[in-house]
Amino acid sequence: MNEKELEHIQNKNNVGDLLKNDNHTPIKTLNEVIEKPTEWLITNYIPKNEVTILCGDGGVGKGFVASAIVGAISSGSQVFFESEEEYLKQNRKPQKVLFMSSEEDISKVTKRKMLKQGTLIQKNIYVLGAENEYTYKVKIGSKELEKIIHDIKPQLVIIDPIQAFLPPNTNMSDKTTMRDYMGGLKALATKEDTTFIVLGHTNKRESFGRQRVGDSAEIWDASRSVFILGKIDDTTRYMSQEKNNLAKIQPTILYEIFDGQIIFKGITDKKDKDFSNTNFSKSRGNPIDEITSFIKQVLKENENNQITNKELKEIIESNGYSSRTFERAKKQMKENNEITTKTVGKGKEREMMINLNK
């Protein structure tokens, strides 16, 4: 037996010993894995111990829908988009909820919004809002997030928006980075027996399905259930389930928001594609105005309302806009004093920061 053959046998034996030693690896063989049925937080809509994405343009009511879900889970009551039959069958009990938002002051906005949605148990709802400095230390993948969830033990965690709870300078168009963060969120859900709903925005360009989820397709890929919210007209909004890995895709929910409360209006077989492409063709206008509005939205969703020029350009281009249109829009926004740019760092670390003026 030559030296290479001996080395191969030794390596093989080492791997075998490693797999047998539970102190060194969490790897199991298939016969050791216990098959489990799918469990639902809200039957056929939001699976337990998974990540669900709720996205849409500004003004479609993402925050109101999230508040309605928070109220239902905290009190064990029926949420507006589930049937009474499925609700009664599930026999839901009141559960703890953790709501985190970098965009809302809890005392001024969130509490009032949640109280409007009907039945809820306030002592079951834990909140982190824009007025709490600790909110900005809690990031996806951080020990702070894991500790909060471990200590509170919520059945549901709402993250609003996902962009604000990623580590600083995260490039959301980088597939590997986003895959790691989203995979880590799923692993945390399993480990702590909780469920994540993350809020995000949709792309402005004409598209549907996976391309409609803003900033990163990895968010779509990592989520077991995906909802896109939009407007049909001035009063009617829709909530379209676009992805469901664990059950049949559910009909689209129609609703309106009256006096801060969500009112169920019915269901339809139409999906986001049917509504968004129609609205896009009706409203398509000046591309500079479109991209200006989109830049403002991105900046508002970033910590301190700022982002590097490189990151912003990558997000803009990933949403279907040209770099030339981006530069024209940026120039116009500077002239209108809507944004301020400044150069930071030295040498290879030198980069341009873009700030949204208040």
Quiz item: Do Lys111 and Gln122 have side-chain N/O donor and acceptor atoms under 3.5 Å apart?
Solution: yes

Self-check item: Test ring-ring contact (aromatic ring centres under 6.0 Å, His included) applied to Phe227 - qualifying residues, sequence neighbours left out
Solution: none

Quiz prompt | Side-chain donor or acceptor of Lys96 paired with backbone N/O of Ile152 under 3.5 Å | solution = yes

Quiz item: Is there a side chain to side chain contact (heavy atoms under 4.5 Å, CB included) between Leu356 and Gln306 once you walk through the steps?
Solution: CA-CA 6 Å; Leu356 179 66; Gln306 65 178 11; over 6 Å; no

Quiz prompt | Glu192 side-chain N/O to Asp151 backbone N/O, donor-acceptor pair under 3.5 Å | solution = no

Quiz prompt | Intermediate values then yes/no, salt bridge (charged side-chain N to carboxylate O under 4.0 Å, His left out), Arg237 and Glu256 | solution = CA-CA 6 Å; Arg237 294 161 169 78; Glu256 66 178 58; over 6 Å; no

Practice problem: Please test Glu50 against Asn245 for side chain to side chain contact (heavy atoms under 4.5 Å, CB included), starting from the C-alpha separation and ending with a verdict. | Solution: CA-CA 11 Å; Glu50 299 285 355; Asn245 289 114; over 6 Å; no

Quiz item: Would a hydrophobic clustering, with Ile, Leu, Val, Met, Phe, Trp and Tyr connected at side-chain separations under 4.5 Å, put Val51 with Ile53?
Solution: yes

Quiz item: Transitive ILVMFWY cluster of Phe258 at side-chain heavy atoms under 4.5 Å: who else is in it?
Solution: Ile263

Quiz item: Is there a donor-acceptor pair closer than 3.5 Å between any side-chain N or O of Thr308 and the backbone N or O of Met353?
Solution: no

Quiz item: With a 3.5 Å cut-off and no angle check, do the side chains of Glu242 and Ser240 form a donor-acceptor pair?
Solution: yes

Quiz item: Which is it for Ile197 and Val157 under the side chain to side chain contact (heavy atoms under 4.5 Å, CB included) test, yes or no, and what are the steps along the way?
Solution: CA-CA 6 Å; Ile197 296 179; Val157 180; over 6 Å; no

Quiz item: Is Met172 linked to Leu145 within one hydrophobic cluster, defined over Ile, Leu, Val, Met, Phe, Trp and Tyr using a side-chain heavy-atom separation of less than 4.5 Å?
Solution: yes

Self-check item: Electrostatic pair Glu131:Lys108 at N-O distance under 4.0 angstrom
Solution: no

Quiz item: Is it true that a side-chain atom of Gln117 and a backbone atom of Gly260 form a donor plus acceptor pair closer than 3.5 Å?
Solution: yes

Quiz prompt | Residue of the set Asp193, Thr194, Thr190 for which side chain to side chain donor-acceptor pair (under 3.5 Å) holds with Asn49 | solution = Asp193

Quiz item: Do the side chains of Ile162 and Phe196 get nearer than 4.5 Å, heavy atoms only?
Solution: no

Self-check item: Check: Ala164 main-chain N/O paired with Lys139 side-chain donor or acceptor under 3.5 Å
Solution: yes

Practice problem: Answer whether the closest heavy-atom distance between the side chains of Asp221 and Met182 falls below 4.5 Å. | Solution: no

Exercise. For the pair Glu86 and Lys89, find out whether any cationic side-chain nitrogen is under 4.0 Å from an anionic carboxylate oxygen.
Key: yes

Quiz item: Quick one: does Thr236's side chain get under 4.5 Å of Lys265's, heavy atoms only?
Solution: yes

Quiz item: So, for Ile295 and Ala329, which heavy atoms are closest and what is the spacing to 0.1 Å?
Solution: CD1-CB, 4.3 Å

Quiz item: So, Arg92 and Glu82, do they make that salt bridge, N to O below 4.0 Å?
Solution: yes

Practice problem: Find out whether Asn357 and Glu338 are in side-chain contact, i.e. whether some heavy atom of one side chain is under 4.5 Å from a heavy atom of the other. | Solution: no

Quiz item: Does Glu327 come within less than 4.0 Å of Lys330, counting only side-chain N to carboxylate O?
Solution: yes

Quiz item: When the aromatic ring centroids of Tyr45 and Phe81 are compared, is their separation below 6.0 Å?
Solution: yes

Quiz item: Considering only heavy atoms from C-beta outward, does the side chain of Asp160 approach that of Glu103 to under 4.5 Å?
Solution: yes

Quiz item: Where the side chain of Ser74 meets the backbone of Val70, is there a donor-acceptor pair that is under 3.5 Å apart?
Solution: yes

Practice problem: Give a yes or no answer on whether the side chain of Lys310 reaches the backbone of Glu351 with a donor-acceptor pair at less than 3.5 Å. | Solution: no

Quiz item: Any side-chain heavy-atom pair from Leu246 and Trp40 closer than 4.5 angstrom?
Solution: yes

Quiz item: With the threshold set at 4.0 Å, does a side-chain nitrogen-carboxylate oxygen contact exist between Glu218 and Lys175?
Solution: no

Quiz item: Short question: side chain of Ser223, backbone of Ser225 - any donor-acceptor pair under 3.5 Å?
Solution: no

Quiz prompt | Minimum side-chain heavy-atom gap Thr110-Asp105 below 4.5 Å | solution = no

Practice problem: Report yes or no: does Gln90 contribute a side-chain atom to a donor-acceptor pair with the main-chain N or O of Tyr87 at less than 3.5 Å? | Solution: no

Exercise. Quick one: closest heavy-atom pair of Thr170 and Thr177, and the distance?
Key: CG2-CG2, 4.0 Å

Self-check item: Rounded distance [0.5 Å steps], CZ in Phe165 versus OG in Ser101
Solution: 6.5 Å

Quiz item: Is Thr340 reaching over with its side chain to a backbone N or O of Asn355, donor-acceptor style, under 3.5 angstrom?
Solution: no

Quiz item: Could you walk me through whether Val198 and Leu54 pass the side chain to side chain contact (heavy atoms under 4.5 Å, CB included) check?
Solution: CA-CA 6 Å; Val198 295; Leu54 192 69; over 6 Å; no

Quiz prompt | Geometric cation-pi criterion, Lys113 with Phe64: 6.0 Å, 45° | solution = yes

Quiz item: Quick one: CD on Gln332 to CD1 on Ile291, what's the gap to the nearest 0.5 Å?
Solution: 11.0 Å

Quiz item: Could you walk me through whether Tyr255 and Phe80 pass the ring pair (Phe, Tyr, Trp, His ring centres under 6.0 Å) check?
Solution: CA-CA 9 Å; Tyr255 65 97; Phe80 75 94; 5.8 Å; yes

Practice problem: Grab the two heavy atoms, one from Asn244 and one from Asn44, that are nearest each other, plus how far apart they are. | Solution: ND2-O, 3.0 Å

